[in-house]
Amino acid sequence: GHFAVTVEASSHWPAWAIGPFVRYGENPILRPPGTGWESVNTLSPGVVYADGKFRMLYRAQGRAWTSREGYAESTDGVTFVRKPNPVIDATQAFEKSNGCEDARLFDYHGTYYAFYTGNGPKGNIAICEAISPDAITWKKLGPVVDHTKNAAVVCDPFGTPVKIKGKFVMFCGNSNFKLCYSDDLVTWGPATNISIEFPRGWVTPYEPCVAVTDPSSAHPDNIILFIAGTLNGKGKWFYAISEVLFDRTDLTKNVEQLDDCIMKPREPYESGQKKNSLWTNCIIQHNGQWMLYYAAGDRYVGLATAPVK
């Protein structure tokens with residue numbers, strides 16, 4: 001396979017990969033408060049920037065461990081003000097067992113789209129979808145892709161879904177990788193398996209996180225899929241983050257794969273509910289830098305940034 005060499009802040013960072021990333025000095029930017037629905041963990045943020053505001057959906061858990069999605073907004077991307085109640089709550093049968101997890105948040109022509117994991121009865125999971133005019137008041141559409149999770153819809157650098165060959169594209173999966181297509185971001189076709197060639201010795205679990213393409217760049221066909229998992233960190237961490245390169249002319253197999261993780265847990269706040277764990281479901285570009293919002297230890301929200309090349 002074609003494995004590019006990288007370590008954190010490496011001089012060997014391949015030209016296609018986003019990074020290297022630097023953690024924001026005042027992390028974590030969101031912590032669990034009080035004694036209620038978000039008092040144990042606040043994690044897995046999805047963020048978009050629109051109309052002068054950063055808007056965040058974040059997963060939260062209280063002592064009952066049910067996951068709900070809260071809302072927070074910010075003018076500077078680091079100081080977020082929360083709404084007091086969940087904006088996507090675990091009210092439906094398809095969410096009732098463990099709740100609503102890891103929402104991806106996208107903005108398309110003034111409508112917000114959230115894709116989250118719904119935990120239904122008997123361990124059934126599904127990618128569920130909701131739409132909103134303001135990212136606060138949501139209309140649930142229910143499960144749109146069954147028996148999987150992690151809706152990494154291919155977006156431009158600003159969190160806007162893009163069409164490839166006339167269709168919207170979603171990477172998804174859970175220790176596997178699948179592709180789904182849609183004409184309208186609402187009705188999704190069946191998930192078909194694709195293969196990603198990992199370096200020898202990489203291990204499960206792993207999951208697709210978020211997918212980004214930049215049609216305005218020198219390499220408009222590149223699609224970068226962020227992944228997170230144990231990968232090459234057996235015995236060292238639970239989850240770390242890496243990147244995989246695809247080409248939009250053939251999404252069924254990867255072009256290149258980093259041979260290391262781009263962000264590995266190392267800070268005290270990156271251990272929490274999970275020890276030594278990093279997870280992301282959001283990267284956006286703003287003011288000439290990439291902003292990677294991430295779950296630190298499945299307990300806090302952190303931010304890491306990288307220059308735009």
Side-chain angles (χ1 to χ4, degrees), residues 1-29 44-49 54 77-78 104 150 152 154-159 171 196-199 202 206-233 236-248 254-267 269-270 276-296 301-309:
H2 302 284
F3 303 123
V5 178
T6 171
V7 296
E8 283 187 87
S10 165
S11 58
H12 302 294
W13 205 269
W16 61 264
I18 298 172
F21 287 91
V22 175
R23 288 162 174 83
Y24 174 59
E26 301 296 313
N27 276 347
I29 61 171
S44 303
V47 181
V48 293
Y49 180 82
F54 293 86
V78 292
R104 275 71 168 174
N150 297 311
V154 179
C155 287
D156 72 11
F158 307 100
F171 291 91
I196 290 184
E197 186 181 358
F198 281 150
W202 284 37
Y206 53 79
E207 304 174 51
C209 296
V210 63
V212 65
T213 186
D214 187 355
S216 69
S217 71
H219 302 284
D221 288 340
N222 284 5
I223 294 172
I224 297 169
L225 177 67
F226 286 76
I227 61 172
T230 302
L231 304 173
N232 63 331
K236 290 184 282 189
W237 58 69
F238 178 62
Y239 267 37
I241 299 166
S242 190
E243 298 174 37
V244 182
L245 177 65
F246 285 84
D247 187 290
R248 68 166 63 203
N254 59 309
V255 177
E256 196 163 86
Q257 155 76 43
L258 301 182
D259 74 344
D260 200 358
C261 289
I262 57 154
M263 273 186 63
K264 305 166 187 177
R266 65 168 197 224
E267 303 296 331
Y269 60 83
E270 291 168 352
N276 296 324
S277 185
L278 302 179
W279 162 263
T280 185
N281 42 259
C282 173
I283 185 169
I284 56 171
Q285 204 180 103
H286 183 73
N287 283 354
Q289 64 180 358
W290 292 101
M291 303 178 76
L292 180 86
Y293 289 91
Y294 69 95
V301 170
L303 170 65
T305 60
V308 174
K309 291 172 185 158

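Heavy atoms only, all atoms of each residue included: S242 and Q257 are closest at OG-NE2, 3.9 Å. For the residue pair P14 and E256, the shortest heavy atom distance occurs at CB-OE1, 4.5 Å. Here the closest heavy-atom approach between residue G159 and residue V48 is recorded as O-CG1, 4.4 Å. Heavy-atom minimum distance, A240 versus P265: CB-CD, 4.0 Å. A pairwise comparison of heavy atoms in C261 and N232 identifies SG-OD1, 3.3 Å as the closest pair. The two residues P208 and R104 come nearest to each other via the heavy atoms O-NH2, 3.2 Å.
The side chain to side chain contact (heavy atoms under 4.5 Å, CB included) test applied to V308 returns Q285, W290, not counting sequence neighbours. Remark: C155 pairs with F106, P161 by the side chain to side chain contact (heavy atoms under 4.5 Å, CB included) rule, at least two apart or across chains. For Y239, there are no ring pair (Phe, Tyr, Trp, His ring centres under 6.0 Å) partners two or more places apart in sequence or in a different chain. Residues meeting the side chain to side chain contact (heavy atoms under 4.5 Å, CB included) test with N222, sequence neighbours left out: W16, H219, L245. Partners of N27 by side chain to side chain contact (heavy atoms under 4.5 Å, CB included), not counting sequence neighbours, listed by chain and number: R23, Y24, I29, Y269, Y294, L303.
Once rounded to the nearest 0.5 Å, the distance linking CG of D221 with OG1 of T213 reads 7.5 Å. To the nearest 0.5 Å, the span separating CZ on F226 from CE on M263 amounts to 10.5 Å. Annotation: the span from I241 atom CD1 to I262 atom CD1 amounts to 6.0 Å, rounded to 0.5 Å. Rounding to the nearest 0.5 Å places CG of L292 at 9.5 Å from OG1 of T305. In this structure, CZ in F171 is found 15.5 Å from CD in E207, a value given to the nearest 0.5 Å. Distance CG/N254 to CG/L225: 9.0 Å, rounded to 0.5 Å.
Aromatic ring pairs are classed by plane angle as parallel below 30°, tilted from 30° to 60° and perpendicular above 60°; the pair F54 and H286 is perpendicular. A perpendicular orientation is assigned to the rings of Y206 and F198, their planes being inclined by more than 60° (bins at 30° and 60°).
Counting only distance, with no hydrogens or angles, the side chain of T230 and the backbone of F238 share a donor-acceptor pair below 3.5 Å. Judged by distance alone, with hydrogens and angles left aside, the side-chain atoms of E243 form a donor-acceptor pair with the main-chain N or O of I18 at under 3.5 Å.
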Scan the side chains in residues 276-284 for donor-acceptor partners under 3.5 Å anywhere in the protein, sequence neighbours excluded, and list what turns up.
from, atom 1, to, atom 2, distance (Å)
N276, OD1, S271, OG, 3.2
W279, NE1, N281, OD1, 2.8
T280, OG1, C282, N, 3.2
T280, OG1, C282, O, 3.1
T280, OG1, Y293, O, 2.8
N281, ND2, S44, O, 3.4
N281, ND2, P45, O, 2.9
N281, ND2, A103, O, 3.0

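Within the 4.5 Å cutoff, side-chain heavy atoms of F246 are placed close to those of V244.
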